[in-house]
*Asks:* 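The structure under discussion is supplied below as structure tokens; questions concerning it will follow.
By convention in this document, chain letters (A, B, ...) are assigned in the order of the sequence lines, proteins followed by strands, and residues within each chain are numbered from 1.
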Protein chains: 2
Amino acid sequence: MGEIKDVARQLLVKGGPQAVSLRAISREMGMTPSALYRYFPSLDALLAGVRSDLFEELGEATMEARDSVPGDDPLARLMAMARAFRTWGLAHRAEFGLMLGPPPPGVEGGPEPQEPDYAPACVGVAFLGEIAELNRRGGLRTPSVDLIEDRLAPGLREYLTGQEGLELPVIFAFLAAWARLYGIIAMEIFGHMAWAVTDSAALFETELINFAQQLSGSEYDRQLAGSDLDGS
Amino acid sequence: MGEIKDVARQLLVKGGPQAVSLRAISREMGMTPSALYRYFPSLDALLAGVRSDLFEELGEATMEARDSVPGDDPLARLMAMARAFRTWGLAHRAEFGLMLGPPPPGVEGGPEPQEPDYAPACVGVAFLGEIAELNRRGGLRTPSVDLIEDRLAPGLREYLTGQEGLELPVIFAFLAAWARLYGIIAMEIFGHMAWAVTDSAALFETELINFAQQLSGSEYDRQLAGSDLDGS
DNA sequence: CTGCAAAGTGAATGGTGTTCTCGTTTCGGT
DNA sequence: ACCGAAACGAGAACACCATTCACTTTGCAG
């Protein structure tokens with residue numbers, strides 16, 4: 001069960017998305033393709049399982065980075081998490097594509113708007129937590145937002161009830177920051193930045209400072225940012 | 001030749017990425033699968049051709065939006081282009097995934113860093129042009145950037161030589177803005193935002209104002225932004 | 001009319017997901 | 001100790017897939 005997913009991931013890493021096939025997995029495990037149907041109803045379901053595991057792993061990686069930040073600075077923790085996010089993605093390009101690429105393969109590649117995909121939430125809420133803490137300490141610059149009312153997804157709204165420091169502007173600040181982070185990281189990992197820039201680590205670190213300024217509204221001391229520009 | 005790509009795209013839209021097969025195309029065209037090899041060396045090459053056409057189409061859509069902006073305000077043009085970008089992507093989700101999803105299928109899905117993909121450039125430079133114009137008029141807020149030196153990709157550096165108003169900080173401002181736009185749009189189209197928000201149009205419009213502020217450094221009059229919040 | 005090149009056919013090879021039937025193993029209850 | 005049921009896996013089969021090769025048809029230039 002777990003081993004199947006491990007083999008699938010291994011094939012994904014080694015040969016790309018099209019290399020992970022039921023038959024290849026069974027070959028690798030010394031089994032018959034049909035035997036795998038005892039554990040997964042389909043290949044898509046298997047990949048969905050792998051994807052779920054990967055989100056958990058990514059979540060743990062970012063949380064670990066958060067917990068290893070000395071002192072008690074929410075903004076510093078956020079930047080550490082952002083760096084961990086990028087580092088993990090760069091070290092696991094193929095997995096990243098499966099997780100945060102076009103549509104999750106779990107359902108189908110239909111052109112219709114797919115139903116909510118809750119998998120990314122487990123990573124997102126880690127960021128949300130720190131942003132909320134930043135807000136409680138008065139360090140969050142929330143944009144004026146009367147546009148978005150209570151149009152949050154039911155799941156998120158339920159998660160929010162009773163949590164203090166999570167008013168709507170805070171949620172929006174989080175979503176904007178989350179999308180911004182996704183943009184710079186996914187673009188690099190997917191190779192859509194390569195036509196313009198070779199040293200994407202420098203671009204990322206500079207953008208990270210912008211990122212911090214967007215959140216805190218103040219200049220962020222570059223010395224404290226801890227940028228070393230070594231990754232990739 | 002062109003019809004083949006049209007049929008391929010049609011299949012992509014109707015049935016998702018996995019539905020576009022050489023045999024399905026040939027079936028749709030009343031031909032034999034092997035006949036298609038007269039025109040394309042492989043299915044991947046065919047898809048690469050489709051992808052290239054799509055980038056051209058997206059580029060034309062954004063440029064059209066730019067040219068239909070009344071007055072002479074680079075920032076307003078940029079926002080119109082951003083909206084056109086999103087609108088086109090939402091109307092062509094499957095195509096968007098092929099263009100700006102994980103790795104272009106032209107080469108292979110290997111885990112190694114792929115060679116530069118120049119296709120997105122034709123859309124990017126349209127934004128770059130307006131940002132340059134904004135800079136020439138002194139309306140661009142360029143971030144302090146001593147981190148990124150002349151680490152631009154050779155192709156972009158060549159494009160830049162001789163162009164005025166395209167110093168390094170301007171390039172960085174463009175790249176940051178480009179990535180930010182990509183983040184909010186791709187995240188929505190790929191469905192990675194659905195767990196948190198239902199009305200993503202409102203989120204986008206609010207983020208667009210942030211986007212304008214990041215570029216211009218000044219508050220942007222929401223009345224002039226022309227947001228109507230009707231699209232999706 | 002002849003030659004030639006482009007365009008398309010049909011069969012063949014080897015890979016794929018999925019389903020079905022069938023045998024084997026394992027293990028818990030009595 | 002036995003039996004039954006459930007779990008596990010094998011194997012064949014079906015339909016689809018990309019790709020290749022040898023072959024025929026078409027159409028046009030000389």
Side-chain angles (χ1 to χ4, degrees), chain A residues 1-54 94-95 97-98 101-111 114, chain B residues 1-54 94-95 97-98 101-111 114:
Chain A
M1 188 77 184
E3 189 190 351
I4 298 177
K5 290 190 280 191
D6 289 347
V7 172
R9 176 176 177 180
Q10 178 183 335
L11 286 170
L12 173 71
V13 169
K14 179 172 295 188
Q18 47 172 289
V20 43
S21 73
L22 223 41
R23 297 182 114 97
I25 297 172
S26 68
R27 225 176 292 134
E28 206 80 10
M29 299 187 59
M31 279 207 306
T32 293
S34 55
L36 295 176
Y37 282 85
R38 296 280 172 203
Y39 305 92
F40 297 95
S42 75
L43 175 62
D44 280 349
L46 197 163
L47 285 177
V50 174
R51 202 176 92 102
S52 173
D53 289 359
L54 289 170
E95 293 96 320
L98 175 64
V107 200
E108 91 201 23
Q114 54 270 13
Chain B
M1 189 77 183
E3 189 189 350
I4 298 176
K5 289 190 282 191
D6 288 347
V7 172
R9 176 176 176 180
Q10 177 183 336
L11 286 169
L12 172 71
V13 169
K14 180 174 294 189
Q18 48 171 285
V20 44
S21 74
L22 225 39
R23 299 183 111 95
I25 297 171
S26 68
R27 222 176 293 135
E28 207 81 9
M29 300 187 58
M31 279 207 306
T32 295
S34 54
L36 296 176
Y37 283 85
R38 295 280 169 200
Y39 305 92
F40 296 96
S42 76
L43 175 63
D44 281 349
L46 198 163
L47 285 177
V50 173
R51 202 176 92 104
S52 173
D53 290 359
L54 289 170
E95 294 96 319
L98 175 64
V107 202
E108 89 200 22
Q114 53 271 13

*Asks:* When you look at CD of B:Q10, are more than 12 heavy atoms from neighbouring residues, nucleotides or ligands closer to it than 6.0 Å?
*Replies:*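 More than 12 heavy atoms, drawn from other residues, nucleotides or ligands, come within 6.0 Å of this atom.
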*Asks:* Check every strand shown and say whether B:A35 touches a base, only sugar-phosphate, or nothing at a heavy-atom separation below 4.0 Å.
*Replies:*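 Base contact.
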*Asks:* Of all heavy-atom pairs between A:V13 and A:E95, which one has the smallest distance, and what is that distance?
*Replies:*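 That closest heavy-atom pairing would be CG2-OE2, 3.2 Å.
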*Asks:* Do A:M29 and A:I25 touch side chain to side chain, with heavy atoms closer than 4.5 Å?
*Replies:*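 SC-SC contact between A:M29 and A:I25 confirmed.
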*Asks:* Under 4.0 Å from a heavy atom of chain A: give me the 5'-most and 3'-most nucleotides of DNA chain C that qualify.
*Replies:*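 It runs C:dT16 to C:dC20.
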*Asks:* Would you kindly give the CG-to-P distance between A:L36 and D:dG11, to the nearest whole Å?
*Replies:*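 Checked: the CG to P distance equals 14 Å.
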*Asks:* Restricting to non-hydrogen atoms, name the atom on B:P33 and the atom on B:R23 that form the minimum distance, rounded to 0.1 Å.
*Replies:*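 Looks like CG-CG, 4.0 Å.
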*Asks:* Grab the CD1-P distance between B:I25 and D:dT19 for me, whole Å please.
*Replies:*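 It is 11 Å, rounded to the nearest whole Å.
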*Asks:* Within this structure, what is the CG-to-P distance between A:L22 and D:dA10, rounded to whole angstrom?
*Replies:*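 Rounded to the whole Å, the gap is 13 Å.
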*Asks:* Looking at A:P102 and B:G101, what are the two nearest heavy atoms and their distance?
*Replies:*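 The answer is CG-CA, 3.8 Å.
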*Asks:* Between B:R38 and B:L43, which has a closest nucleotide on DNA chain D that is more 5'?
*Replies:*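 Result: B:L43.
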*Asks:* Between B:S21 and B:A24, is there a donor-acceptor pair closer than 3.5 Å when you use the side chain of the first and the backbone of the second?
*Replies:*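 Answer holds: yes.
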*Asks:* What is the distance from atom CG of A:L12 to atom CG of A:L54, rounded to the nearest 0.5 Å?
*Replies:*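 Spacing of CG (A:L12) from CG (A:L54) equals 8.0 Å.
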*Asks:* Select base, sugar-phosphate, or nothing to describe what A:S34 touches, counting heavy atoms under 4.0 Å on all strands.
*Replies:*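 Base contact.
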*Asks:* Base, sugar-phosphate, or nothing: which does B:Y39 touch, judged by heavy atoms less than 4.0 Å apart?
*Replies:*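 Touches sugar-phosphate only.
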*Asks:* Can you tell me the distance, in whole Å, between the CE atom of A:M1 and the P atom of D:dG9?
*Replies:*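 That distance rounds to 13 Å.
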*Asks:* Measure from the side chain of A:R23, starting at C-beta and using heavy atoms only, and say which of D:dC17, D:dA13, D:dC21 lies closest.
*Replies:*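 Nearest to the side-chain atoms of A:R23, counting from C-beta on, is D:dA13.
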*Asks:* Using heavy-atom distances to pick each residue's nearest nucleotide on DNA chain C, tell me which of A:S21 and B:P33 is more 5'.
*Replies:*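 Going by which nucleotide is closer to the 5' end, it is B:P33.
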*Asks:* For B:Y37 and D:dC23, give me the distance from atom OH to atom P, rounded to whole Å.
*Replies:*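 Rounding to the nearest Å, OH of B:Y37 and P of D:dC23 are 21 Å apart.
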